[in-house]
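Right, one structure below, let's go through it.
Values below: every heavy atom of this structure, side chains too, minus hydrogens, waters and symmetry copies. Sequence lines set the chain letters: A, B, ... in the order given, protein chains first and strands last, and positions in each chain run from 1.
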Number of protein chains: 2
Amino acid sequence: MPAVSVDTIEAELIALLVAVTDNEPRVLTIRDGSLLPSGPFETTHRSLQASLRAWVEQQTGHPLGYTEQLYTFADRDRSTEDAARRFISISYLGLTRQAGASGCGHDTAWRSWYRYFPWEDWRDGAPPMIAKAIVPRLRAWTSATVEPPRRRERQQRVQIAFGLRGLPWNEELVLQRYELLFEAGLVPEAIRRSNGDETGMLPGEPMPHDHRRILATGIARLRAKIKYRPVVFELMPASFTLLQLQRAVEALAGQRLHKQNFRRLIDSQALVEETGDVTTETGGRPAKLFRFRPQVLLERAVAGSKLPVARPD
Amino acid sequence: MPAVSVDTIEAELIALLVAVTDNEPRVLTIRDGSLLPSGPFETTHRSLQASLRAWVEQQTGHPLGYTEQLYTFADRDRSTEDAARRFISISYLGLTRQAGASGCGHDTAWRSWYRYFPWEDWRDGAPPMIAKAIVPRLRAWTSATVEPPRRRERQQRVQIAFGLRGLPWNEELVLQRYELLFEAGLVPEAIRRSNGDETGMLPGEPMPHDHRRILATGIARLRAKIKYRPVVFELMPASFTLLQLQRAVEALAGQRLHKQNFRRLIDSQALVEETGDVTTETGGRPAKLFRFRPQVLLERAVAGSKLPVARPD
DNA sequence: CGCATTATGCTGATCATGAGCATAACTGGG
DNA sequence: CCCAGTTATGCTCATGATCAGCATAATGCG
């Protein structure tokens, strides 16, 4: 084997598989929810996409719908072990319909992503932990900053990320929020390198390496994407009611939507069509069942469609 | 050196450096404009971003403003030479202010990106080559497709990508257009692998490997980004007139904008402030000079600002 | 001084969005 | 059988953003 590169470079794929079941946005995890699934960099397939798809379908048994590359991490300090060995992690986001059986024998599990980011779920209003725990500690962190320009910069970042001082909560800033908490030393991942002291950490389950950061990146991407491209479709069963569709979007966005406006938007876009059937399983008046319009499935909304992310009921 | 991975994996960084000079969007190229600059995967820096920044600044002498990861390519057929050697190319987009001297001694040059994508420049109306050359050949390509569902799919993709049948031209679909032309065998990169026959190719300079694809990805990203984040700032000098700013946006977007609406949008967002000076170099009535508001430079527009991409004058 | 040129202010039409009222159609309990 | 509770669905109104122009203000130039 020729020694072309100075260091040993290894590459792996990290898969962020997302599904929505029981109105919860879920990610596929391994080892009792502590880790995202990752696999070797297969050379038997033509492209990374194909490699990922083959690997995921073999591992989980789920067909993989939409996929998208997320981010490539290659920072030196990713692995604490060996400085000369470099790990390149190429992460992908994948959407799938079924999140039933856990797949293969490994201890895989679909976990709600709000388990790792409890402050991101605003469906029942602002999570109390933000005002009680996060904001005070971030304020303490900014106040402790000596240089005034840096302090002001941090103040502003905190205000924007968490919607302080009259600014609105922006559900897309998942990564910025995580990075702030990381910088402020409020998540366990940030201090694991220095010492083992995990007191004063925020709720929200940590993950090793960059995995929680990858998850944050994926959530942010997905939350942005549902507004201008009909990717929710990839997560829905063949037929569904409009409220079910709305609940799925709400699960992803972490926000409640205005019902009537949601329907208006959906049908103004001609994204769906009635199947002709209705279901009475919803409780009240029977709801019409819809399916996605096949030709829409292809490319449609690149021209610019939006899903409304609005205020609570 | 331990033989951990089966194949030899090599990694490189590819830099897509963008500047706007003389109302042209330009990219830094090497070898007489035939190639994007790429460098080794440096292990001496902490992160990929830092690695890229150091390398670019050393190579070109330009300070690097905003940077963003674009895409990671690792397809087997990237390099035709050796199947066992795998090349991972991590590409970055970087914005810089100055595109004056070419930098170091290598034959680097700033080339208008429309040299590689002549069909993307709509500032003087629709490029004639679209109706004359591109659309007919794409139609021939779709017509030659045997299976009806595949044919219809391709028809629809062509219509969306090139704004046919009443659909609007969407300037963000740079990559989709390039990929269509690639699939249809209308760009030299597509057939280089099979034979050397380059007759019937479209105008627009090709690049080896994925370089033109990377450029397309970067243009698309930038065109999308200027609408909701004030990245144009990174490309402008310290002070400028509103028309200069508009021209820069038009260069990137490849479209003309409505002047009055552009100014209204800019100042409704409070992105800029007057310097107090005026310039008479613009021809008619002297124009006020503006600078970007420093605090805006930080993070401001994440909350959602937009640059208008509108119709011709 | 009049003309060409660019800068800049302002207005009306149109469209998207946010919020809510009102009604329809079912279920289950008295 | 009627009533309360629940969800589905149609429609309106206010507001704000965007599109497309008209009108006026300052310059330089012949």
Using atom names, set out every protein N or O paired with an N or O of nucleotides 8-12 of chain C below 3.5 Å, distance rounded to 0.1 Å.
from	atom 1	to	atom 2	distance (Å)
C/dT8	OP1	B/K288	N	3.0
C/dT8	OP2	B/R263	NH2	2.4
C/dT8	O5'	B/R263	NH2	3.4
C/dG9	O6	B/Q260	NE2	3.4

Minimum heavy-atom distance between A/P118 and A/P127, given as atom pair plus value: O-CG, 3.9 Å
Between A/F240 and A/F233, does a ring-ring contact (aromatic ring centres under 6.0 Å, His included) hold up when you go through it step by step? CA-CA 10 Å; A/F240 46 85; A/F233 302 7; 7.5 Å; no
Let me know the distance between CD of B/Q269 and C1' of D/dG16, rounded to the nearest Å. 14 Å
For the pair made of CG in B/L289 and P in C/dA7, what is the distance, rounded to whole Å? 11 Å
Is A/R123 paired with A/E24 through a side-chain N to carboxylate O contact shorter than 4.0 Å? yes
CZ/B/R154 to CZ/B/R139 distance, rounded to the nearest 0.5 angstrom? 15.5 Å
Distances under 3.5 Å between protein N/O atoms and the N/O atoms of nucleotides 13-15 of chain C, please, pair by pair.
none

Donor-acceptor pair, A/Y66 side chain versus A/L235 backbone, under 3.5 Å? no
Between P of C/dT5 and CG of B/L243, the distance in whole Å: 15 Å
Just the rounded figure in Å: distance from P of D/dT18 to NZ of B/K227. 12 Å
Is a salt bridge present between B/E171 and B/K227, judged by a nitrogen-to-oxygen distance below 4.0 Å? yes
By nearest heavy atom, map B/T241 and A/G284 onto DNA chain C; which one lands nearer the 5' end? B/T241
Can you tell me how far the CZ atom of A/F262 sits from the CG atom of A/D267, to the nearest 0.5 Å? 11.0 Å
Can A/R223 and A/E120 be counted as an ion pair, charged N to O under 4.0 angstrom? yes
How many whole angstroms separate atom CZ of A/F262 from atom P of C/dA16? 18 Å
